[in-house]
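The structure appears right after this line, and notes come after that.
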There are 2 protein chains.
Amino acid sequence: MSPTKEDYLKILFELGGRTEQVPNKEIANRLGISPPTVTEMMNSLVKAGWVVYTPYKGSKLTPKGTEYAKKLIRKHRLWEVFLVKHLGFDINKVHPEAELLEHSTSTVLADKLETYLNFPEYCPHGGAIPVDSMEAQEVKTLHLPEVEVDTPVKISRIVDDEKLLQYFRNHDLNIGDSIIVTSRDISLDLMTVHHISSKETIQISQTIAQYLFVEIISS
Amino acid sequence: MSPTKEDYLKILFELGGRTEQVPNKEIANRLGISPPTVTEMMNSLVKAGWVVYTPYKGSKLTPKGTEYAKKLIRKHRLWEVFLVKHLGFDINKVHPEAELLEHSTSTVLADKLETYLNFPEYCPHGGAIPVDSMEAQEVKTLHLPEVEVDTPVKISRIVDDEKLLQYFRNHDLNIGDSIIVTSRDISLDLMTVHHISSKETIQISQTIAQYLFVEIISS
DNA sequence: TATAATTATTAGGGTATCCTAAATTTATTA
DNA sequence: TAATAAATTTAGGATACCCTAATAATTATA
Ligand SMILES: [Mn+2]
Ligand SMILES: [Mn+2]
Ligand SMILES: [Mn+2]
Ligand SMILES: [Mn+2]
């Protein structure tokens, strides 16, 4: 498998290709390539048994493709943990590094790295690290805009993109923080959040808040 | 730069391309590809300023090509140190892993890794790790067959190839060991070595012994 | 339901890597 | 030095990935 094909499988997984048909356009957008290239690649991935593709509709991962994608995500996130916890990388900077390393990582290496890191369950952005032969079990999380007003929640995951991470950091919203949504204005795409420990009041875009996952604090 | 081109530069460096013209055949052999492919690639590397190529004679690295190759060797060897010292890999198994990782390593990552490893000077096979803006300073070593009989020497480096490493390990010759060449039979391509600490007498091929580097023990 | 907008596929190319077979050049050696 | 052997290059192809322009299918909208 080439790094290129591996990235296609991973993106497909991230866009919900385990259960739903992912349209070519989304893949093209995410990878920054042209739609015809996606069509071509899908045919190639179908031939190798990684995906099921319905022309004009989109593609889904086969069980084999799903397994492969999970292994890649595991490698990616293990490297992120290493880069942040051992090498001192900034959380916002590890993604592109892991995006490359994941393709140069044998199973043996991933296993040893996992042991070395003491079997971490989450990457620095809060994404669950899939465990071999087990379903990737993300903790039951909600997208921030789905949370009821006045319900205390804890930020458990931020979609791993440098710009998004910077946006949330600029608004003092980091993984582990406890917050409460105090109000929401759908027409203005704005929501107001109360940061519990700092007592700050923060206003963020509701559209962007989709990329913030939270879990309800059971207290 | 693609991983493919990077490997060409590195091989060129390893085959002495800093100072001498390396024939295409040697590169083809080492990379396991056909000679026409090498010719083609050399033209491409010349166009980009990495090598100087004389048709029918061979190629040399330009200063720019030499610098690039050294950076790759640095990354390769830093990873080997990490794999052996932190992840517990067998010395014989790290080369192929590092051969991939080296191409997915940014300068920032290499620098942080180097710091984390506490600025190691040698890889697990005894190869010197080039320090930025400094000549890679291999300790003054000799190939084992060049050593005078009855001179105590210490094994400082083994050319990094799984089969060679296995061969030397099978003969109980490891990095750091002190040995004495007791006799040499050129016609039979055989040399006899006395292993100081184990007191064993070892017989090895002189041709293969070329890949073993030793330094004279100044005692 | 016709028309427009969106999405996807086809057609036709381009570059990077690799290959085999044939022709050429260089090195060896009788 | 002439013939032979070895190394290299040229010719002609193949596959993987990507692209733009044109065409076709699907979806949204009036
Ligand atoms: Mn990431
Ligand atoms: Mn990637
Ligand atoms: Mn190595
Ligand atoms: Mn390599």
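Side chains are part of it too, since the values below use all heavy atoms of this structure and drop only hydrogens, waters and symmetry mates. Sequence lines set the chain letters: A, B, ... in the order given, protein chains first and strands last, and positions in each chain run from 1.
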(request) Validate the cation-pi geometry between A/Lys64 and A/Trp50: distance from NZ or CZ to the six-membered ring centre under 6.0 Å, angle to the ring axis within 45°. (result) yes
(message) Do A/Leu101 and B/Leu109 make a side-chain contact, defined as non-hydrogen atoms from C-beta onward lying under 4.5 Å apart?
(response) yes
(message) Pairing donors with acceptors under 3.5 angstrom, does anything connect the side chains of B/His143 and B/Gln210?
(response) no
(request) Determine, for B/Phe13 and B/Lys70, whether the Lys NZ or Arg CZ falls below 6.0 Å from the six-membered ring centre while staying within 45 degrees of the axis. (result) no
(message) Contact list please: residues 29-43 of chain B against DNA chain D, heavy atoms, distance less than 4.0 Å, in numerical order.
(response) B/Pro35, B/Pro36, B/Thr39
Distances for protein N or O near nucleotides 26-29 of chain C N or O, under 3.5 Å:
unit_1 : atom_1 : unit_2  : atom_2 : d
C/dA27 : OP1    : B/Lys57 : NZ     : 3.3

(request) Report the residue from A/Glu162, A/His125, A/Gln166, A/Lys163 that forms a side-chain hydrogen bond (donor to acceptor under 3.5 Å, both in side chains) with A/Asn92. (result) A/Gln166
(message) Side chains of A/Trp79 and A/Thr105, heavy atoms from C-beta outward: is any pair under 4.5 Å?
(response) yes
(request) Give the nucleotide from the list D/dC17, D/dT8, C/dT7 with an atom nearest to the side chain of A/Thr4. (result) D/dC17
(request) If a pair satisfies salt bridge (charged side-chain N to carboxylate O under 4.0 Å, His left out) and one of its residues is in residues 44-60 of chain B, list it, with sequence neighbours excluded. (result) none
(request) Counting heavy atoms from C-beta on, name the nucleotide in D/dT8, C/dT17, C/dA8 closest to the side chain of B/Lys5. (result) C/dT17
(message) Taking 4.0 Å as the cut-off, does a side-chain nitrogen or oxygen of A/Ser44 come that near to OP1 or OP2 on D/dT15?
(response) no
